[in-house]
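Contents: one structure, followed by commentary.
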Amino acid sequence: MAELATGVRAVAAGERRAHVPGSSGPPEVRELSESFNRMSDAVTEAADQQRRLIADASHQLRNPMAALRLRMDTLSGQVKPEGVRAYAAGVAEIERLESLLDGLLALASAESAATEVAAGGREPELADLGAVAVDRAGFWQVPLPATPALAVLVRCPESDLAQVLDVLLDNAVKYGGAVRVSLGADRAAGVGWVEVHDDGPGLTGEELALATSRFWRGRSGQPGTGLGLAIADQLVKARQGVLALSSVDGFTARVTLPLEPAL
């Protein structure tokens with residue numbers, strides 16, 4: 001029974017095909033162990049099929065979408081004045097669909113990474129939190145954060161950390177007012193953190209609970225796919241981190257990640 005409990009915790013943590021020994025204990029426990037192993041395999045296969053479906057569908061749709069974009073670009077010089085508005089609306093819809101496909105591919109990749117890390121299939125990569133935060137703040141033309149004297153090395157690939165910060169900064173610039181980026185480390189707790197704060201209208205308690213859901217969009221009316229925060233959340237979870245959202249005097253997104261293991 002203790003082995004079964006360990007197996008259940010492994011599945012809950014995202015471990016792929018977690019199995020328990022089925023050759024010990026009374027017949028009822030052996031039968032339960034075999035049923036658990038079959039369930040674990042079925043859960044893993046279902047999750048794999050879901051990710052493959054999202055990734056394959058997004059990838060297969062890119063070619064016809066590119067062809068449609070090419071045809072629309074070819075027509076741009078032949079649109080009559082009375083059709084300009086409809087043509088512009090069509091181009092905007094194509095751009096929205098392209099963004100949605102990119103988001104679905106990114107989400108499938110993030111979920112796959114989370115599963116592999118949980119199963120121990122990837123070695124942790126390190127990123128200098130301060131260097132990445134300064135780089136992305138400069139790209140988005142917001143005030144650069146102060147960096148600690150001692151480098152904050154977190155267990156997350158630089159590319160994933162940059163993608164997360166791009167999502168948070170894009171939202172802050174788009175929906176908020178003044179933007180502030182800050183970072184630091186709690187070395188006793190073994191974590192580093194980075195915050196992106198804006199003084200915009202923020203979100204209600206109900207909206208905060210939904211903000212990292214797929215395809216959720218706020219009340220601002222700004223264009224978007226509703227996938228940005230969902231992708232950021234998955235990328236952070238993949239590295240055993242936490243993305244926390246709060247809304248006090250604006251909106252704050254705080255990313256907490258494990259530090260480099262002490263030698």
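Please read these numbers as outputs of a predicted model, since none were measured by experiment. As a basis for the values below, the full set of heavy atoms in this structure was taken, side chains included, without hydrogen atoms, waters or symmetry mates.
With R155 contributing its side chain and L259 its backbone, the two residues share a donor-acceptor pair below 3.5 Å. Listed for the D199 side chain is a donor-acceptor partner under 3.5 Å among the backbone atoms of G177. Remark: the backbone N or O of G202 is not paired with any side-chain donor or acceptor of S247 at under 3.5 angstrom. Remark: the backbone N or O of T204 is paired with a side-chain donor or acceptor of E207 at under 3.5 angstrom.
At a threshold of 4.5 Å between side-chain heavy atoms, the hydrophobic network of Ile, Leu, Val, Met, Phe, Trp and Tyr places L153 and L129 in two separate groups. A continuous path of hydrophobic side-chain contacts links L208 to L243 [ILVMFWY only; heavy atoms under 4.5 Å]. Side-chain heavy atoms closer than 4.5 Å link hydrophobic residues (I, L, V, M, F, W, Y) into clusters, and following such links, even through other members, never connects L144 to L161. Note on L169 and L245: same hydrophobic cluster, where clusters join Ile, Leu, Val, Met, Phe, Trp and Tyr whose side-chain heavy atoms are under 4.5 Å apart, directly or indirectly. Residues L165 and W193 do not share a hydrophobic cluster, clusters being chains of Ile/Leu/Val/Met/Phe/Trp/Tyr side chains in contact below 4.5 Å.
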Problem - Step-by-step side-chain contact (heavy atoms from CB on, under 4.5 Å) determination, V255 to E195 - result: CA-CA 6 Å; V255 174; E195 280 188 355; over 6 Å; no
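Annotation: the span from D233 atom CG to K237 atom NZ amounts to 4.0 Å, rounded to 0.5 Å. D198 contributes atom CG, which lies 11.5 Å from atom CG of D249 (distance to the nearest 0.5 angstrom). The distance from atom CZ of R254 to atom OG of S182, rounded to the nearest 0.5 Å, is 7.5 Å. Once rounded to the nearest 0.5 Å, the distance linking CG of D166 with CG of D135 reads 8.5 Å. With rounding to the nearest 0.5 Å, the separation of CD in E158 from CD in Q163 is 14.0 Å. If you take CG on L229 and CG on L168, they are separated by 6.5 Å, rounding to the nearest 0.5 Å.
Taking every heavy atom of both residues into account, A133 and V194 meet most closely at CB-CG2, 4.4 Å.
For residues 65-92, the pairs satisfying side-chain hydrogen bond (donor to acceptor under 3.5 Å, both in side chains) are R69-E98, with sequence neighbours left out.
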